Amino acid sequence: MLRTLSIRDVVLIDRLDLDFHPGLCVLTGETGAGKSILLDALGLALGSRAEARLVRHGATQASVTAVFEPAAGHPVHGLLAGHGVGDGEDGGATVILRRVLGADGRSRAFLNDQPVSVSLLRQVADTLAETHGQFESQRLLSPASHRDLLDAYGGLAPERGRVRESFLSLRRAGEARARAGEALLAARRDEEFLRYAVDELTALDPKPGEEETLASQRSVMMHGEKVLDALNQAAAELQRDTGVEAALRGAVRHLERVAEMAGGRLDDAVAALDRAA
């Protein structure tokens, strides 16, 4: 039930705190006494449309706080717990709905002093309060309300709960099946890639120690220009008319400078020149 209603700076109301007691509570007064303003203020706390005209002239903002004390096991407790603003399905002592409206027409909503969306505030308020007017019977034309009315009239709450659990189980199973299907597709994509990689490795036909051989060949190719230059200089030394021994030593000197770069391919030539010298 609604226990307190606190209104600040709404239309003509500067500050007002109302306490409601168990049983029937009636607000009465002549036209212009402010009954509609109280309903507008309560509607603001319950998530109704916010309009800047509700802010009292000269004030920067208006605020309305409604405190409810629902019974243990009330559906609102489960709803609040599901959105992280309650203490569980059995709930606590009170549920506090608060709405702050700025002079620019923007509003903020709070549940139990935690900021929430206006839609969630309205959803919670729908489980706590009903506002009936002279055209309220037209709500029966809304198909969204028919199921709840029929289930309540037929006393089908237990069956409805079982149907809900069955539906949730079915939805969870469908989600699990979808995840399994995605995992299967991913495994098939991986299989295709792995088969392609295996075919590439088979065509490459790698041999033991091939990496070292290729590295050696790569090193020789990287220094090929230097090795070729050293070979040309050694050949030129052998063709000079400076004496046989000097020519041999000069050729050896050029070859030894690049022998390591050649990967051992010049070792026999260096040894032969040494023997000739």
Side-chain angles (χ1 to χ4, degrees), residues 78-89 106 108-120 164-277:
L79 179 60
L80 291 174
H83 289 85
V85 289
D87 299 325
E89 295 194 359
R106 297 181 179 180
R108 292 174 293 158
F110 300 86
L111 279 174
N112 292 341
D113 292 328
Q114 297 187 40
V116 296
S117 64
V118 176
S119 61
L120 177 58
R164 180 177 182 274
E165 290 300 322
S166 298
F167 172 75
L168 291 177
S169 298
L170 177 62
R171 186 166 64 181
R172 287 192 292 267
E175 293 173 351
R177 183 179 183 276
R179 289 194 298 270
E182 293 175 357
L184 179 60
L185 290 177
R188 287 175 176 171
R189 289 194 298 269
D190 292 342
E191 178 187 13
E192 182 178 355
F193 170 75
L194 292 174
R195 290 186 181 279
Y196 170 79
V198 169
D199 291 341
E200 288 286 304
L201 291 174
T202 301
L204 187 61
D205 191 21
K207 300 293 190 298
E210 187 176 33
E211 185 175 359
E212 291 77 7
T213 303
L214 293 175
S216 177
Q217 293 177 357
R218 179 174 179 270
S219 177
V220 171
M221 294 173 65
M222 290 175 59
H223 300 96
E225 186 175 351
K226 293 181 180 181
V227 173
L228 179 60
D229 183 61
L231 287 171
N232 290 332
Q233 291 181 11
E237 287 286 351
L238 294 176
Q239 294 173 5
R240 289 180 182 176
D241 189 15
T242 57
V244 176
E245 186 174 358
L248 291 174
R249 294 300 180 190
V252 169
R253 185 174 65 254
H254 288 299
L255 296 182
E256 286 181 340
R257 178 166 51 84
V258 296
E260 185 176 353
M261 299 179 186
R265 290 173 173 79
L266 299 180
D267 292 348
D268 291 342
V270 172
L273 290 173
D274 279 335
R275 289 195 302 270

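All figures in this text were calculated on a predicted structure; none of them were measured in a lab. Values reported hereafter were calculated over all heavy atoms of this structure, with side chains retained and with hydrogens, waters and symmetry mates removed.
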Could you tell me whether E192 and R195 make a salt bridge, using a distance below 4.0 angstrom between a side-chain N and a carboxylate O?
no
Derivation of the side-chain contact (heavy atoms from CB on, under 4.5 Å) call for L120 and H83:
CA-CA 9 Å; L120 177 58; H83 289 85; 3.8 Å; yes
Would you say that more than 12 heavy atoms from the other residues, nucleotides or ligands in this model lie under 6.0 Å from the CD of E245, or not?
no
Looking at CZ of R172 and CD of E165, how far apart are the two atoms once the value is rounded to the nearest 0.5 Å?
6.5 Å
Spacing of CZ belonging to R275 relative to CG belonging to L248, to within rounding of 0.5 Å:
12.0 Å
Spacing of CD belonging to E191 relative to CG belonging to L184, to within rounding of 0.5 Å:
9.5 Å
Sequence neighbours left out, what passes salt bridge (Lys or Arg N to Asp or Glu O under 4.0 Å) with D274? Give chain and number order.
R249
From CZ (R179) to CZ (R177), nearest 0.5 Å:
13.0 Å
Rounded to the nearest 0.5 Å, how far apart are CG of L201 and OH of Y196?
10.5 Å
Check: L231 and V258 side chains under 4.5 Å, non-hydrogen atoms:
no
Worked verdict on L185 versus E182 for side-chain contact (heavy atoms from CB on, under 4.5 Å):
CA-CA 5 Å; L185 290 177; E182 293 175 357; 5.7 Å; no
Inter-residue atom distance L238.CG - H254.NE2, 0.5 Å rounding
9.5 Å
